[in-house]
Number of protein chains: 2
Amino acid sequence: MTERLHPRARQIVDAARDLLEQHGRDALTMRRVADRIGIRAPSLYKHFPDKAAVEIALIADGLGEVATVLEAAEERTKRTGAAESLADLATAYRSYALAHPHLYRLMTERPLPRESLPAGLEDRAAAPLVRATGEEHLARATWAFAHGMVMLELAGRFPADADLDATWRIGVRALLPR
Amino acid sequence: MTERLHPRARQIVDAARDLLEQHGRDALTMRRVADRIGIRAPSLYKHFPDKAAVEIALIADGLGEVATVLEAAEERTKRTGAAESLADLATAYRSYALAHPHLYRLMTERPLPRESLPAGLEDRAAAPLVRATGEEHLARATWAFAHGMVMLELAGRFPADADLDATWRIGVRALLPR
DNA sequence: GTCTATAGTGGGATAGAC
DNA sequence: GTCTATCCCACTATAGAC
């Protein structure tokens, strides 16, 4: 979605993404990616040097989508107060992560391969939150809260009867700029 | 550390932990565990039914240590205010996670195997934070903040020049009960 | 409770023909 | 740019002797 790739490379990344999202990280193998587009695994190496390069393309796609989703939330609440803006950003972030759990984990579990990513992409994804909090420390604290909530939710670590909507509200409210 | 195990089982879990902590999750294999204590891998299966059982023992150990560390922090700041208490709990939590990154990840990345854990262990680990925040929603929000900070820190996702001590202070301050 | 031997599965990646 | 053939690796786990 993000970078223009050769059609075949695009097809490989799309197949990799389907596998990852539908069957999880362990299902993302070069053999299975190849199967899915009807070629043999060794042929993939004419389009990507190794598996890590395919994963980087997935991360770039996901990061671009997060940026787009947050920018859209920001646009929607442009002229409302800080409380609504931050709440909407949080909702958008949470929705994206829960809709793409395995991709979200892939995107966040390691250092970003910054040299291999489109220039400015990381900043673009971070910008809406920095604008909403008005300050980088608070932006980072809020990101950490959101990331922690999402990860614990995805890992099934909260009690089954926990009211997580309420937890999100309370967290976002506490982290509002004062 | 937590449960009394047969000496040989204890030795296996300790070896598994060394491997995990020193070389990461991928290095935790039954072969390497066996190597480390000078036996062959198949012999491990006389002491544990499978690899998952060894991991569960690691998780139980780690969870018990987290509980102990948080209880100690709580004890130290027993008669100070809520702000100091929460800050000390946060510092203790962060220190433990950063000192045992791979174990911390193992402990938090999946649903807890609650049926296989000592009774009350999860509650014991959670209790200090619930007491400090006085309320379960705020306790969960604060846990999420701390978990998010730790995971992003461990994953190297913050800018190299970010002042994370300041981010922790700001987050903990914002999440204080009001 | 340890061993040897091995089954069974799967992975990433390369060489070289076409 | 695709193929076949293959290398080399690693893993969990079981069977059966001692």
Provide, to the nearest angstrom, the distance between the [atom1] atom belonging to [X] and the [atom2] atom belonging to [N].
X: A/Leu44; N: C/dA13; atom1: CG; atom2: P; value: 10 Å
X: B/Ile39; N: C/dT4; atom1: CD1; atom2: C1'; value: 14 Å
X: B/Asp35; N: C/dC3; atom1: CG; atom2: C1'; value: 14 Å
X: B/Ile37; N: C/dC3; atom1: CD1; atom2: C1'; value: 14 Å
X: A/Asp26; N: D/dA10; atom1: CG; atom2: C1'; value: 14 Å
X: A/Phe48; N: C/dG12; atom1: CZ; atom2: P; value: 15 Å
X: B/Met30; N: D/dT14; atom1: CE; atom2: C1'; value: 13 Å

Select one nucleotide: of [options], the one nearest the side-chain heavy atoms of [X].
X: A/Asp50; options: C/dG11, C/dA13, C/dT2; value: C/dA13
X: B/Tyr45; options: C/dT14, C/dT2, D/dA13; value: D/dA13
X: B/Pro42; options: C/dA5, C/dG11, D/dC3; value: C/dA5
X: A/His47; options: D/dT12, D/dT2, C/dT14; value: D/dT2

For [N], does OP1 or OP2 lie under 4.0 Å from any side-chain N or O of [X]?
X: B/His6; N: C/dG1; result: no
X: A/Arg31; N: C/dA13; result: no
X: B/Ser43; N: C/dG1; result: no
X: A/Arg40; N: D/dT4; result: yes

Distance-only, no hydrogens or angles: does the [X] side chain make a donor-acceptor pair with backbone N or O of [Y] under 3.5 Å?
X: A/Asp50; Y: A/Ala53; answer: yes
X: A/Thr29; Y: A/Arg32; answer: yes
X: A/Ser43; Y: A/Ile39; answer: no

From CA spacing to verdict: side chain to side chain donor-acceptor pair (under 3.5 Å), B/Arg124, B/Thr68: CA-CA 9 Å; B/Arg124 210 189 119 215; B/Thr68 298; 3.0 Å; yes
Touch class at under 4.0 angstrom, heavy-atom based, for B/Lys51 against every strand present: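 Counting heavy atoms under 4.0 Å across all strands, the contact made by B/Lys51 is with sugar-phosphate only.
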Comparing B/Lys46 and A/Ala27 on DNA chain C - which has the more 5′ nearest nucleotide: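 It is B/Lys46, whose closest nucleotide lies nearer the 5' terminus.
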Whether B/Tyr104 and B/His147 hold their rings parallel, tilted or perpendicular, with breakpoints at 30° and 60°: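 Tilted: the ring planes of B/Tyr104 and B/His147 meet at 30° to 60°.
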